Amino acid sequence: MPKSIPFIKPKFPAPEDLAKDLKRIYENNFYSNNGPVYFEFKEKLEAYLGQGLHAVIVSNATMGLMLAIEAIMGEQKNKKKYIAIPAFTFAAGPLAIRWCGFEPLFFDVDPVSAQPDLKSFQKVLDVYSDELAGVLLINDFGIGNGEVDEWDELLTSKNIPYIIDSAPGFGSTYENGEFIGGRGACEVFSFHATKPFGIGEGGLITTKDADLADRLEILKNFGFDDSKRTVGAGTNAKITELDCAIGLRILAKYPETLTDRRKTYARFEDNLKSQNITFLPRAATAAIQFATIVVPPKYQQMLIDKLKVGGVEARTYYAPAVHTFPYFSDAPKVDLSNTELLSQKVISLPVHPDMDPVTVDYICDIIIKNLEKA
Ligand SMILES: Cc1ncc(COP(=O)(O)O)c(C=O)c1O
């Protein structure tokens with residue numbers, strides 16, 4: 001058994017294949033600025049996701065979130081102060097909110113699904129309704145939120161725009177079987193090396209709204225119009241041709257990648273049947289960045305330590321929760337008891353490409369044996 005099982009193990013296209021891509025890019029003599037490889041990647045992503053979605057590929061998901069907030073909520077900047085966001089998330093969300101001139105307003109997640117909690121959001125509405133510019137929801141762990149229809153109904157009826165941070169969820173599905181990506185004003189994915197669809201650095205915004213996609217393209221390119229004059233807000237969030245070529249190679253094998261990751265995840269679920277362990281609902285339909293288990297708080301650190309002794313790197317996504325970070329400690333919040341408790345219960349276990357079942361069993365044995373002893 002390997003003595004070192006890292007948390008993340010990306011699988012990159014082979015160097016000899018990338019050499020072919022580089023040759024093609026060299027011959028095109030086009031390295032960025034939405035060149036031919038960009039458009040090929042964009043069309044294939046749109047075909048893969050279906051649903052008439054428009055794909056805007058960007059340099060990373062954090063920039064994607066910033067562009068989306070600016071495009072969808074930017075006009076309300078000097079009128080409404082807050083964008084509500086679950087505290088059980090990655091720092092990129094609240095950072096993007098502040099970068100865009102708003103203040104994050106933290107609400108809670110459901111204690112079982114870890115997804116944004118409708119009841120907690122009602123508390124936001126009770127107090128902050130008049131000052132709410134929008135909501136940045138999250139499909140936590142890239143799992144399609146089982147209550148997405150309820151969220152849509154509520155926010156649409158109140159005319160509150162929302163974006164979904166689906167960073168690790170490219171390839172995950174909602175309950176109706178559709179790929180995540182088509183809800184809210186837009187959804188944002190990360191193609192960071194740590195994600196199931198990992199190309200190094202990259203991100204994707206998907207939307208059904210063609211005008212919004214056009215606005216996002218302008219925002220990502222210095223606010224330029226067709227004659228290269230800045231006509232509004234903008235930045236540089238473009239992606240290079242080489243990154244798009246890597247993305248094309250990852251996409252070509254993605255159905256197999258998902259099958260492989262879900263098979264590994266299923267083995268974790270089968271092996272870890274214990275009254276002290278629960279799994280997140282609908283996790284098996286996600287793209288599976290890692291395997292999340294939920295244990296009683298008294299076992300969280302003990303198990304992480306024992307795994308470390310066995311050479312296994314485990315982490316605690318998304319704990320500590322973002323509202324505890326120094327930079328966000330002064331941001332307003334409603335009761336976050338579920339987030340606080342979940343933060344003490346989650347353990348994220350490594351899921352690698354082509355993971356040997358023996359490795360999964362080894363990790364699970366450490367957990368089961370130490371729970372039995374505890
Ligand atoms: C939920 C979530 N949102 C956003 C991001 C940021 O993605 P990127 O690294 O592509 O900017 C991450 C990355 O880990 C994430 O997990």
Side-chain angles (χ1 to χ4, degrees), residues 10 12-13 18 21-49 53-74 90 92-93 95-97 99-101 136 163-168 170 181 185-195 197-252:
F12 230 54
L18 291 182
D21 295 332
L22 197 52
K23 184 161 182 286
R24 174 181 164 209
I25 290 165
Y26 184 82
E27 283 163 4
N28 291 340
N29 207 17
F30 216 129
Y31 301 96
S32 183
N33 289 18
N34 292 5
V37 188
Y38 176 88
F39 281 107
E40 189 184 335
F41 189 31
K42 171 182 161 68
E43 277 164 25
K44 292 210 165 130
L45 286 168
E46 288 171 350
Y48 181 87
L49 290 173
L53 284 170
H54 303 272
V56 178
I57 313 165
V58 290
S59 50
N60 59 63
T62 309
M63 292 303 287
L65 290 168
M66 284 158 53
L67 302 187
I69 292 168
E70 178 61 34
I72 294 152
M73 298 156 194
F90 186 70
L95 278 173
I97 290 172
W99 200 275
C100 291
L136 179 50
I163 297 161
I164 308 182
D165 178 351
S166 297
F170 187 83
C186 65
E187 296 196 37
V188 180
F189 298 96
S190 171
F191 291 162
H192 187 257
T194 52
K195 303 292 182 283
F197 197 115
I199 68 171
E201 290 279 4
L204 170 68
I205 312 172
T206 53
T207 177
K208 289 185 172 153
D209 180 343
D211 292 337
L212 174 61
D214 290 345
R215 287 208 305 284
L216 291 164
E217 284 289 353
I218 292 171
L219 276 167
K220 112 179 176 194
N221 189 26
F222 308 107
F224 281 165
D225 67 4
D226 288 343
S227 53
K228 299 261 179 295
R229 291 172 323 147
T230 296
V231 290
T235 185
N236 180 0
K238 290 181 267 97
I239 187 164
T240 69
E241 289 285 275
L242 186 56
D243 287 321
C244 291
I246 296 167
L248 277 169
R249 293 206 177 268
I250 302 276
L251 186 61

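Basis for what follows: all heavy atoms, side chains included, without hydrogens, waters or symmetry-related copies. Here, residue 1 is the first one in the sequence, and each next residue gets the next number. Since we're looking at a predicted model, the values are computed, not measured.
Note: K208 NZ to C186 SG = 12.5 Å, rounded to the nearest 0.5 Å. Distance check, rounded to the nearest 0.5 Å: CG of L251 to CZ of F170 gives 5.5 Å. Rounding to the nearest 0.5 angstrom, the gap separating the CZ atom in F224 from the OG1 atom in T230 is 4.5 Å. Atom CZ of F189 and atom CG of L45 lie 9.5 Å apart (nearest 0.5 Å). I163 CD1 to I72 CD1: the interatomic distance, rounded to the nearest 0.5 Å, is 4.0 Å. Distance check: T235 OG1 to M66 CE gives 6.0 Å after rounding to the nearest 0.5 Å.
The shortest distance between side-chain heavy atoms of K23 and E27 falls below 4.5 Å. At a threshold of 4.5 Å between non-hydrogen side-chain atoms, the residues P13 and I250 count as touching. With a 4.5 Å cut-off on side-chain heavy atoms, V37 and F30 do not count as touching. Between F12 and L18 the shortest side-chain heavy-atom distance falls below 4.5 Å. Side-chain contact between D214 and H54 is absent, with no heavy-atom pair separated by less than 4.5 Å.
Between F41 and F191, the ring planes are tilted. Angles from 30° to 60° get that label.
For the pair A55 and K42, the tightest heavy-atom approach, listed with the atom from each and the gap, is O-NZ, 2.9 Å. The shortest non-hydrogen separation linking E187 to G181 is OE2-N, 2.9 Å. The nearest pair of heavy atoms linking D225 to V231 is OD2-CG1, 3.5 Å. When all heavy atoms of A71 and L212 are compared, the closest pair comes out as CB-CD1, 3.7 Å. For the residue pair A213 and V56, the shortest heavy atom distance occurs at O-CG2, 3.7 Å. I199 and G247 make their closest contact through CG2-CA, 3.6 Å (heavy atoms, listed as atom of the first residue, atom of the second, distance).
Atom OH of Y31 has more than 12 neighbouring heavy atoms from other residues, nucleotides or ligands inside a 6.0 Å radius.
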Inset, instruction - Under the side chain to side chain contact (heavy atoms under 4.5 Å, CB included) rule, what do R215 and I218 come out as? Steps first, then yes or no, please. - result: CA-CA 5 Å; R215 287 208 305 284; I218 292 171; 5.7 Å; no
Legend entry - Verdict with reasoning, L22 to L242, per side chain to side chain contact (heavy atoms under 4.5 Å, CB included): CA-CA 7 Å; L22 197 52; L242 186 56; 4.2 Å; yes
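Evaluated for a side chain to side chain contact (heavy atoms under 4.5 Å, CB included) with V58, the options I239, L67, L65 yield exactly one hit, L67.
A salt bridge links K220 and E217; the closest N-O separation between the charged side-chain nitrogens and carboxylate oxygens is under 4.0 Å.
In this structure, E241 contributes its side chain and G35 its backbone to a donor-acceptor pair below 3.5 Å. Distance alone, capped at 3.5 Å, places no donor-acceptor pair between the N34 side chain and the Y38 backbone. Listed for the T62 side chain is no donor-acceptor partner under 3.5 Å among the backbone atoms of A96. With hydrogens and angles ignored, the 3.5 Å screen pairs a side-chain donor or acceptor of T207 with a backbone N or O of A185.
Between the side chains of K238 and N33, a donor-acceptor pair is found at a separation under 3.5 Å.
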